Amino acid sequence: MAKEIYKIFSEELLINKIKEKLPFLFQLAEIDNSRDGKLGMEIGSARERIVIALLIYKFGEKNVKTDIAITESEIDVIVFDEPISIKTVTNRNVVGVKLIWTVDAQKALAFINNYSPECDILYVHINWAGKGGMYLLSKEGQKEILKKYGKAFYFKLPKAGTNPRGVEITNEAINKLVEHSSTKKIEIDWSRDESVEYNSYARWVDHWKEK
């Protein structure tokens, strides 16, 4: 039986809404999470909330579980009992993503040795002034690529002697996943709306004004 989340990639009206709305909402998120023209670390969480809001809009609050235990390193949301990881990257090309954050090299190695994909990945490739997209990388496809090409191809570890920042899926592996036959895709033109006038403090000021 097809997963419910596949409907996002098959319903024309919703696809068109995503193509139109996602760049605009991500643009607002960048305004909200930047200082002196530089994006803060919290931009990833802001984008994640926007994607989860899309899932709630489509499937309803009762079918989208957002209160995920902090111990779950991969799962960001559960849709109809299907765990989903959300990854967003900004680059001209499709590039690898972080699987786990850790400053412990031994934990990173242990993670790789014990790793098996547990959930689909909603992967959003942001390419401002260019083409990108939103992809659903199935856990079945992830398992197939990992098994076929091996851990050395699939994972990127921090270099020895550097400050380790975790384990990544390599650029090469992500590209194999994007091209996999099970992957769903919505192509998106990432254009900014230069007419946007958005004050990230305005809503909070409005709350202070309320009696």
Side-chain angles (χ1 to χ4, degrees), residues 1-9 14 18 22 25-26 28-30 32-33 39-90 95-126 134-147 151 154-158 163-170 173-174 177-178 180 182-184 204:
M1 187 176 70
K3 299 173 185 177
E4 287 289 327
I5 198 167
Y6 285 176
K7 291 179 179 178
I8 288 177
F9 298 84
L14 185 58
I18 289 168
L22 201 60
L25 296 177
F26 274 22
L28 296 188
E30 289 193 359
D32 243 346
N33 294 278
L39 287 176
M41 290 290 290
E42 62 273 17
I43 185 61
S45 296
R47 292 173 183 155
E48 180 184 306
R49 288 193 293 272
I50 291 169
V51 175
I52 290 174
L54 163 65
L55 299 175
I56 294 171
Y57 163 76
K58 170 57 186 170
F59 300 114
E61 287 189 32
K62 67 178 182 179
N63 298 313
V64 179
K65 183 181 178 182
T66 59
D67 55 336
I68 309 301
I70 195 71
T71 52
E72 292 287 355
S73 59
E74 287 187 76
I75 302 169
D76 295 308
V77 64
I78 297 175
V79 181
F80 287 99
D81 298 322
E82 289 284 347
I84 306 291
S85 174
I86 298 170
K87 305 291 185 185
T88 63
V89 296
T90 304
V95 293
V97 290
K98 196 79 68 178
L99 278 175
I100 183 174
W101 290 89
T102 178
V103 295
D104 188 312
Q106 288 300 115
K107 284 184 179 179
L109 193 57
F111 176 84
I112 285 178
N113 289 334
N114 298 308
Y115 180 79
S116 177
E118 293 182 3
C119 54
D120 297 344
I121 298 174
L122 262 178
Y123 176 90
V124 183
H125 171 215
I126 305 153
M134 183 166 75
Y135 302 82
L136 184 71
L137 312 176
S138 72
K139 63 181 176 183
E140 294 82 10
Q142 295 170 57
K143 289 178 179 179
E144 185 179 315
I145 296 298
L146 177 56
K147 182 178 180 180
K151 293 178 180 179
Y154 199 86
F155 298 111
K156 179 181 177 182
L157 275 171
N163 182 26
R165 298 292 296 178
V167 179
E168 297 179 15
I169 301 178
T170 63
I174 278 289
L177 289 170
V178 162
H180 194 271
S182 69
T183 294
K184 307 296 181 184
W204 305 116

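Index from 1, following the sequence. The model shown is predicted, which means the values in this text are computed figures rather than measured ones.
Among pairs with a residue in residues 106-116, those fulfilling side-chain hydrogen bond (donor to acceptor under 3.5 Å, both in side chains) read Glu74-Tyr115, at least two apart in sequence or across chains.
The closest donor-acceptor contact from the side chain of Lys98 to the backbone of Val167 lies at 3.5 Å or more, if one exists at all. Side chain of Asp120 to backbone of Ile84: no donor-acceptor contact under 3.5 angstrom is found. No donor-acceptor pair closer than 3.5 Å links the side chain of Asn33 to the backbone N or O of Leu39.
Nearest heavy-atom pair, Gln142 versus Cys119, reported as atom, atom and distance to 0.1 Å: NE2-O, 2.9 Å. Here the closest non-hydrogen pair linking Phe9 and Met134 is CE2-O, 3.4 Å. Shown here for Gly141 and Ser138, the closest heavy-atom pair between the two residues is N-OG, 2.9 Å.
To the nearest 0.5 Å, atom NZ of residue Lys143 and atom OG of residue Ser182 are 12.0 Å apart. Atom CZ of Phe155 sits about 5.5 Å away from atom CD1 of Ile112, to the nearest 0.5 Å. Taking CG of Asp76 as the start and OG of Ser85 as the end, the distance is 5.0 Å to the nearest 0.5 Å. Tyr123 OH to Leu177 CG: the interatomic distance, rounded to the nearest 0.5 Å, is 9.5 Å. Distance check: Tyr154 OH to Leu146 CG gives 6.0 Å after rounding to the nearest 0.5 Å. Interatomic distance, Ile169 CD1 to Ile174 CD1, rounded to the nearest 0.5 Å: 4.5 Å.
Cation-pi geometry between Lys184 and Tyr6 is met: the NZ or CZ atom falls under 6.0 Å from the ring centre, inside 45° of the normal.
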Give every donor-acceptor pair under 3.5 Å between a side-chain atom in residues 45-62 and any protein atom, sequence neighbours left out.
from, atom 1, to, atom 2, distance (Å)
Arg47, NH2, Glu30, OE2, 3.4
Arg47, NH2, Thr90, OG1, 3.1
Lys58, NZ, Glu11, OE1, 2.7
Lys58, NZ, Glu11, OE2, 3.1

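Counting heavy atoms from C-beta outward, Thr66 and Val64 have side chains that approach closer than 4.5 Å. The shortest side-chain heavy-atom distance between Val97 and Glu168 does not fall under the 4.5 Å cut-off. Contact annotation: the side chain of Ile18 approaches that of Ile8 to within less than 4.5 Å [non-hydrogen atoms, C-beta and beyond]. Here the side chains of Leu136 and Ile121 are not in contact, with every heavy-atom distance at 4.5 Å or above. The closest side-chain heavy-atom distance from Val77 to Ile86 is below 4.5 Å. Leu22 places a side-chain heavy atom less than 4.5 Å from the side chain of Val124. Between Glu144 and His180 the shortest side-chain heavy-atom distance falls below 4.5 Å.
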- When you look at Leu122 and Lys87, which way does the side-chain contact (heavy atoms from CB on, under 4.5 Å) test go after all the steps? CA-CA 6 Å; Leu122 262 178; Lys87 305 291 185 185; over 6 Å; no
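Residues satisfying the salt bridge (charged side-chain N to carboxylate O under 4.0 Å, His left out) criterion with Glu140, sequence neighbours excluded, are Lys3.
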